[in-house]
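Worksheet: the structure to be examined is printed underneath.
In the text below, chain A, chain B and the rest are named by the order of the sequence lines, each starting its count at 1.
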Amino acid sequence: DAGVTQSPTHLIKTRGQQVTLRCSPKSGHDTVSWYQQALGQGPQFIFQYYEEEERQRGNFPDRFSGHQFPNYSSELNVNALLLGDSALYLCASSQTVYNEQFFGPGTRLTVL
Amino acid sequence: LAKTTQPISMDSYEGQEVNITCSHNNIATNDYITWYQQFPSQGPRFIIQGYKTKVTNEVASLFIPADRKSSTLSLPRVSLSDTAVYYCLVGLYSGGGADGLTFGKGTHLIIQP
């Protein structure tokens with residue numbers, strides 16, 4: 001059974017560009033959460049998707065948006081990239097919003 | 001959400017038992033205590049969760065005193081591969097619920113030969 005998968009592994013963008021990150025949840029999971037982890041910090045909650053809707057959002061601007069598809073996979077979009085958006089972006093899936101979250105390996109985004 | 005405080009870093013040696021303590025003075029009655037482990041360039045991994053007293057699984061033990069204002073993660077006979085960042089989280093659900101999981105900076109554990 002494949003765990004949570006994310007693509008791409010690494011990504012380099014320049015300021016002002018837009019980026020899309022992808023996540024496939026663990027089999028049987030219907031809830032996907034996204035986190036941003038800056039160097040030396042713990043992961044910070046961006047938002048969570050359940051039944052193709054954003055359920056809750058952390059303290060992130062509207063430049064960060066997402067989508068969940070009928071097969072439960074998810075995308076994270078970031079517009080107008082800033083240097084400060086450089087981070088490891090983690091996707092986590094769970095069986096409902098209440099159960100243990102399983103994390104993917106992350107996508108390392110570098111903004112130049 | 002209850003705030004947690006844990007040491008920034010700890011050092012130990014292979015074969016030793018390591019105890020990492022976390023303070024959570026404002027823990028709510030229904031909150032659980034959960035510990036995650038994270039290796040460099042990987043996502044966090046669930047280690048153990050408890051509500052009170054002692055919980056043990058194949059990788060760690062979790063000790064929670066009666067007042068629940070702190071907890072101690074115990075790693076028996078550590079090896080070099082236990083070098084990682086360990087996060088203590090407090091919340092109503094193991095998955096954090098709709099608000100997601102709240103991570104602090106964690107404890108960077110370094111195991112030496």
Side-chain angles (χ1 to χ4, degrees), chain A residues 3-6 9-10 21 23-26 29-51 53-60 64 66 74 76 87-110, chain B residues 1-9 20 22 24 28 30-51 55 57-60 62 73 83-110:
Chain A
V4 179
T5 59
Q6 293 186 242
T9 305
H10 295 86
L21 311 181
C23 171
S24 291
K26 187 175 168 66
H29 288 185
D30 58 9
T31 302
V32 173
S33 302
W34 287 91
Y35 294 80
Q36 179 195 65
Q37 185 172 25
L39 201 61
Q41 305 293 317
Q44 300 298 304
F45 175 70
I46 303 175
F47 44 51
Q48 182 180 87
Y49 277 85
Y50 174 69
E51 292 187 339
E53 290 189 2
E54 183 180 300
R55 294 289 301 273
Q56 194 61 274
R57 169 181 282 262
N59 189 25
F60 280 82
F64 290 77
S74 176
L76 165 65
L88 180 68
Y89 288 85
L90 296 162
C91 168
S93 74
S94 59
Q95 195 174 38
T96 81
V97 302
Y98 306 113
N99 295 332
E100 175 189 342
Q101 294 195 14
F102 291 79
F103 285 81
T107 294
R108 172 72 64 188
L109 172 65
T110 301
Chain B
L1 295 170
K3 179 178 170 61
T4 60
T5 303
Q6 48 183 128
I8 294 175
S9 65
I20 305 175
C22 177
H24 28 79
N30 296 327
D31 281 344
Y32 285 79
I33 300 156
T34 309
W35 286 79
Y36 277 79
Q37 175 193 55
Q38 186 177 25
F39 298 111
S41 297
Q42 292 187 28
R45 181 176 73 102
F46 173 93
I47 300 177
I48 197 167
Q49 182 185 63
Y51 181 80
V55 179
N57 61 23
E58 63 277 9
V59 298
L62 180 59
L73 174 72
T83 294
V85 179
Y86 292 82
Y87 296 97
C88 165
L89 289 77
V90 171
L92 189 56
Y93 306 109
S94 59
D99 292 329
L101 294 169
T102 300
F103 290 85
K105 292 189 176 182
T107 297
H108 189 189
L109 175 64
I110 299 172

Between [X] and [Y], a side-chain donor and acceptor under 3.5 Å:
X     : Y      : result
B:Q37 : B:R45  : yes
B:Q6  : B:T107 : yes
A:Y89 : A:Q36  : yes

Please flag which part of A:Q37 lies under 4.5 Å from any non-hydrogen atom of chain B: side chain, backbone, both or neither.
side chain
At a 4.5 Å cut-off on heavy atoms, which part of A:Q95 comes close to chain B: side chain, backbone, both, or neither?
neither
From the list A:G40, A:G106, A:P43, the residue making the most non-hydrogen contacts under 4.5 Å with chain B is A:P43
Show your working on side chain to side chain contact (heavy atoms under 4.5 Å, CB included) between A:F45 and A:W34 and close with a plain yes or no.
CA-CA 6 Å; A:F45 175 70; A:W34 287 91; over 6 Å; no
